[in-house]
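Contents: one structure, followed by commentary.
Heavy atoms only: backbone and side chains are in, while hydrogens, waters and symmetry mates are out. Sequential numbering from 1 along the given sequence is applied to the chain's residues. Numbering of ligands and ligand atoms starts at 1, following listing order.
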Amino acid sequence: MKFFLDTANLNELRTGAKWGIVDGVTTNPTLIAKEGKPIKEQIAAICDIIDGPISAEVVATESKAMIAEGSDLAKIHKNVVVKVPLTRDGIEACSALSKDGIRVNVTLCFSAAQALIAAKAGAYFISPFVGRLDDIGATGMDLIHQVVHIYQNYDFDTQVLAASLRGPLHVIDAALAGAHIGTLPFKVLDQLFNHPLTDKGLDQFLKDYNKVFAQK
Ligand code: E4P
């Protein structure tokens, strides 16, 4: 399973890069706005930190404008993947951009039917949102299982990017379901490290060692 960081924050990305476990980045207009810099500048800075697919989302809502904006975003760096929402216009833009050789991440996917449409439009990634479905009382993870299964049935090349993951259990469940990628907020990536027995065990190892070898 690949880990992407779901952030536009450069400090978080630098920490993840140091750990050597971050394969790519997803951003969205909310995350870009949080950092306060124009999208092209922020995405270029992200590309300098992480060498992997970096999703940059269009804010246009009409297909022609989405295609123009997406083509422009793709020019920032070879690693940029253009992100479009799962609307009729977004799917039209996905088809056109994909035919032009630009990789597209179709976002805001909340049903298996929508995921099928994105695959048929040549999406490079589909982003089903787990946490936001949980928020409305549905079981978001069921969607990841369905999409992985359907894509396998038909050998679609589109990769399943489990999004809106809110905690370690979401990450484990997405991995069990066979998602190709999980995109994680930095906090969730950090939480994956934690186990009390690791801390306790290390503490004991060091105490035992120091009892014999520590300088007095
Ligand atoms: C993915 O690309 C989205 O940016 C993200 O996962 C949304 O997560 P949220 O529902 O926690 O905002």
Polar side chain donor-acceptor pair, [X] to [Y], under 3.5 angstrom:
X    : Y    : result
H170 : D134 : yes
D142 : Q146 : no
T107 : S127 : no

*Is D89 salt-bridged to K64, going by a charged N under 4.0 Å from an acidic O?*
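Salt bridge flag = no for K64 with D89.
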
*Heavy-atom side-chain contact between D6 and L184 under 4.5 Å*: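 No. Closest side-chain heavy atoms not under 4.5 Å.
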
*So W19 and F186, would you call those rings parallel, tilted or perpendicular, with 30° and 60° as cut-offs?*
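Rings of W19 and F186: parallel, as their planes differ by under 30°.
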
What short N/O contacts, under 3.5 Å, does ligand 1 make with the protein, listed by atom pair and distance?
| unit_1 | atom_1 | unit_2 | atom_2 | d |
| --- | --- | --- | --- | --- |
| ligand 1 | 2 (O) | K83 | NZ | 2.6 |
| ligand 1 | 4 (O) | D6 | OD1 | 3.1 |
| ligand 1 | 4 (O) | N28 | ND2 | 2.6 |
| ligand 1 | 6 (O) | D6 | OD2 | 2.8 |
| ligand 1 | 6 (O) | S164 | N | 2.7 |
| ligand 1 | 10 (O) | R132 | NE | 2.6 |
| ligand 1 | 10 (O) | S164 | OG | 2.7 |
| ligand 1 | 10 (O) | R166 | NH2 | 3.0 |
| ligand 1 | 11 (O) | R166 | NE | 3.1 |
| ligand 1 | 12 (O) | R132 | NH2 | 2.8 |

